[in-house]
Amino acid sequence: MTKVAAGTIASAPTPRVLIVADHASAKFGGEAALALHYFRVLRARGAAVWLISHARTRDELTGLFGGDARIRFVEDTRLHRFMWRLGRRLPARLAYLTTGYVVRLSSQFEQRRMVRRLIAEQRIDVIHQPMPVSPREPSVLYGFGVPVLIGPMNGGMEWPPAFRPSRGGLARALFALARASSGLLNALLPGKRRAALLLVANQRTREALPAGIDRPVVEMVENGVDFGVWAGHGKAGADDVDDREATTFVFMGRLVDWKAVDLLLHAFERARRRAPMRLLIVGDGDERADLENLARQLQVLATPGNRSTRSETGHVAFVGWLPQTECASVLRQADGLVLPSLLECGGAVVLEAMAMAKPVIATAWGGPMDYLDDSCGILVPPSGRDALVSGLADAMVRLARSPAERVRMGESGYQKVRRLFDWDVKVDRMIEHYKAAMRL
């Protein structure tokens with residue numbers, strides 16, 4: 001694969017851009033937020049930008065941007081609805097690979113039709129497909145006579161070696177089949193092979209691209225931070241936090257197995273004996289009932305319905321799902337974030353905590369390693385179940401006992417995210433990539 005240097009034609013005017021995504025949404029979170037932010041920032045700058053998203057995001061996008069005619073929607077079909085109902089009966093990851101894939105592929109074929117129309121009507125210069133972020137999933141966006149830029153992608157993840165035996169045989173077989181078939185699918189649907197430019201978050205993702213790719217590949221981390229939401233720097237100094245009766249840690253994310261919240265609960269149960277602290281679990285998912293039962297068994301479950309960040313020292317409160325603005329409010333009042341995930345390709349929540357000058361404790365695996373270093377967080381190696389639990393507990397105790405270290409790490413993280421991950425900075429870089437794609 002060849003590499004292309006961004007910034008070589010930065011003096012050219014901003015291209016007329018069409019962003020194509022399954023979903024563009026802050027409410028959906030994860031990769032769905034990527035398309036939203038590219039469109040939001042480019043639109044605010046007065047750029048000529050259009051967006052194609054699924055109709056499920058219509059209400060949210062209308063609320064944000066009014067009836068902007070530059071936003072087009074892929075409507076639900078009978079196939080979409082049938083596959084959605086079927087997928088609800090399957091485990092989340094299995095549904096993503098099966099029924100979810102059928103829905104995404106069906107949507108992309110409808111997107112092709114809409115893209116052709118917009119190219120003819122609006123003289124589009126470049127097409128940007130920021131999601132799905134999987135490097136193996138094929139793209140049908142090709143053959144338009146207009147350069148297509150795909151990414152940044154992020155994937156190629158495996159479970160940590162010490163945790164791989166815990167996966168069921170059926171799950172291993174299905175994932176192996178999906179990866180083996182990706183080469184054939186990408187040959188039949190050659191969007192990635194014909195793209196003008198491919199963006200990847202890291203070397204791991206580069207290596208996961210389909211075989212036979214000879215297009216230029218550039219590394220660029222996919223996530224960024226909207227400082228309009230995640231703003232809280234300068235709230236507290238070491239003297240302020242030293243007066244608190246207990247340290248508040250927060251987990252934010254879906255409650256699914258690979259997030260390893262069960263290990264976090266065990267770690268918290270150990271850590272709370274060594275330093276006064278509390279833990280808030282913000283999010284919802286299939287694992288919530290089991291996790292609440294585990295917290296009850298460990299005798300750390302807080303009073304039901306208690307969301308306060310200053311109550312029940314030594315306990316865990318399950319807050320449930322919250323909109324982004326409320327998540328930001330919870331994190332603003334906390335002292336640090338903990339992300340024990342074992343299969344986290346990205347981890348935007350890490351950047352959001354850094355943007356609010358909060359130190360982060362995370363598993364030393366996957367996405368968090370693209371963001372964190374010793375100056376702004378603590379990475380715990382996933383060398384085994386008990387080792388990870390002990391490492392998380394030690395890290396929580398360390399930060400609980402040192403308000404000054406929390407402030408120092410928080411400040412370092414804030415400076416790093418401002419420098420590298422502010423969405424305005426990322427859009428500047430993306431515009432350079434658009435121009436580079438047009439020259440290839």
Side-chain angles (χ1 to χ4, degrees), residues 1-21 24 31 33-52 111 115 118-119 122-135 137 139 141-142 144-155 191-210 213-226 345-346 348 351 370-371 417 419-440:
M1 299 178 206
T2 58
K3 293 184 180 181
V4 108
T8 58
I9 50 174
S11 59
T14 301
R16 298 170 69 83
V17 180
L18 171 58
I19 299 171
V20 183
E31 61 187 280
L34 305 178
L36 172 65
H37 288 303
Y38 285 118
F39 179 77
R40 173 184 64 81
V41 177
L42 286 169
R43 181 180 183 271
R45 294 182 180 186
V49 58
W50 286 259
L51 171 66
I52 295 177
Q111 289 168 355
V115 167
L118 281 166
I119 289 173
Q122 306 297 341
R123 297 178 290 111
I124 301 298
D125 292 318
V126 62
I127 299 164
H128 180 192
Q129 185 181 33
M131 69 169 292
V133 298
S134 167
E137 190 156 324
S139 169
L141 298 185
Y142 60 91
F144 301 115
V146 171
V148 177
L149 180 152
I150 299 176
M153 294 169 277
N154 195 350
K192 285 190 168 71
R193 294 185 176 187
R194 297 191 187 181
L197 185 63
L198 300 174
L199 302 178
V200 296
N202 43 48
Q203 182 63 29
R204 179 192 73 237
T205 304
R206 183 190 292 264
E207 294 171 356
L209 288 169
I213 295 283
D214 63 354
R215 312 309 297 159
V217 178
V218 175
E219 289 194 14
M220 177 181 178
V221 172
E222 84 278 20
N223 283 313
V225 174
D226 178 4
C345 287
L351 296 179
D370 291 335
Y371 314 138
V417 82
R419 185 174 69 254
L420 300 175
F421 300 109
D422 186 332
W423 269 111
D424 281 308
V425 174
K426 291 181 67 64
V427 169
D428 287 339
R429 291 189 61 199
M430 187 58 74
I431 290 172
E432 295 181 2
H433 292 317
Y434 292 156
K435 296 172 184 176
M438 292 170 62
R439 290 285 298 270
L440 294 171

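No experiment lies behind these values; they were computed from the predicted model shown.
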J.: Identify all side-chain donor-acceptor contacts of residues 218-225 below 3.5 Å with residues at least two apart in sequence or on another chain.
T.:
unit_1 : atom_1 : unit_2 : atom_2 : d
Glu222 : OE1    : Asn154 : ND2    : 3.1
Glu222 : OE2    : Asn154 : ND2    : 3.0
Asn223 : ND2    : Tyr371 : OH     : 3.0

J.: Which distance, rounded to the nearest 0.5 Å, do you find between the CD1 of Ile119 and the CD1 of Ile124?
T.: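 Interatomic distance, Ile119 CD1 to Ile124 CD1, rounded to 0.5 Å: 7.0 Å.
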J.: Do Val115 and Val146 touch side chain to side chain, with heavy atoms closer than 4.5 Å?
T.: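 Contact flag for Val115/Val146 side chains = no.
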J.: Atom CG in Leu51, atom CZ in Phe39: separation rounded to 0.5 Å?
T.: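 So the CG of Leu51 and the CZ of Phe39 are separated by 5.5 Å.
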J.: Compare every heavy atom of Ser139 with every heavy atom of Gln129, then report the nearest pair and how far apart it is.
T.: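 That would be OE1-OG, 2.8 Å.
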J.: List in chain and number order the residues that pass salt bridge (charged side-chain N to carboxylate O under 4.0 Å, His left out) with Asp422, two or more places apart in sequence or in another chain; answer none if no residue qualifies.
T.: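 Partners of Asp422 under the salt bridge (charged side-chain N to carboxylate O under 4.0 Å, His left out) test: Arg418.
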J.: If I take atom NE2 from residue His128 and atom OH from residue Tyr38, how far apart are they, to the nearest 0.5 angstrom?
T.: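 Here the rounded value is 5.0 Å.
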J.: Could you walk me through whether Tyr434 and Leu149 satisfy the side chain to side chain contact (heavy atoms under 4.5 Å, CB included) test, starting with their C-alpha distance in whole Å, then the side-chain angles of each, then the deciding distance to 0.1 Å, before giving a yes or no?
T.: CA-CA 7 Å; Tyr434 292 156; Leu149 180 152; 4.0 Å; yes
J.: Arg45: which residues meet the side-chain contact (heavy atoms from CB on, under 4.5 Å) condition with it, sequence neighbours left out?
T.: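 Only Val41, Asp424, Val427, Asp428, Ile431 meet the side-chain contact (heavy atoms from CB on, under 4.5 Å) criterion with Arg45.
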J.: To the nearest 0.5 angstrom, please state how far the CG atom of Asp370 sits from the CG atom of Asn202.
T.: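 So the gap between those two atoms works out to 4.5 Å.
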J.: Strictly distance-based, threshold 3.5 Å: is any side-chain N or O of Arg16 a donor or acceptor partner for the main-chain N or O of Val49?
T.: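 It does not hold such a pair.
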J.: Please give me the minimum heavy-atom distance between Arg215 and Ala196, naming the atom from each residue.
T.: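 That would be NH2-CA, 4.2 Å.
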J.: Kindly compute the distance separating CH2 (Trp50) from CG (Leu42), expressed to the nearest 0.5 Å.
T.: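 The CG atom of Leu42 is 11.5 Å from CH2 of Trp50, to the nearest 0.5 Å.
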J.: What pairs meet the salt bridge (charged side-chain N to carboxylate O under 4.0 Å, His left out) rule with one or both residues in residues 33-43, with sequence neighbours excluded?
T.: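 Found Arg40-Asp226, Arg43-Asp68.
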J.: Within the side chain of Glu31, is there an N or O that forms a donor-acceptor pair under 3.5 Å with the backbone of Val133?
T.: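 Pair found, side chain donor or acceptor close to backbone of Val133.
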J.: As an exercise, state the distance from CE of Met153 to CG of Leu199, rounded to the nearest 0.5 Å.
T.: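 Reported to 0.5 Å precision, the distance equals 7.0 Å.
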J.: For Ala195, give me all partners under side-chain contact (heavy atoms from CB on, under 4.5 Å), at least two apart in sequence or on another chain.
T.: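 So Ala195 forms a side-chain contact (heavy atoms from CB on, under 4.5 Å) with Ile150, Leu198.
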J.: Please assess Arg193 against Ile213 for the test side chain to side chain contact (heavy atoms under 4.5 Å, CB included), listing each intermediate value before the final yes or no.
T.: CA-CA 5 Å; Arg193 294 185 176 187; Ile213 295 283; 3.8 Å; yes
J.: So which heavy atom on Gly155 is nearest to which on Pro135, and how close?
T.: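 Here Gly155 and Pro135 meet closest at CA-CD, 3.6 Å.
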J.: Output all residues satisfying salt bridge (charged side-chain N to carboxylate O under 4.0 Å, His left out) with Asp125, sequence neighbours left out; order by chain, then residue number.
T.: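 Not a single residue meets the salt bridge (charged side-chain N to carboxylate O under 4.0 Å, His left out) criterion with Asp125.
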J.: Of all the heavy-atom pairs spanning Pro130 and Ala35, show the shortest one and how long it is.
T.: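 For Pro130 versus Ala35, the nearest heavy atoms are CG-CB, 3.8 Å.
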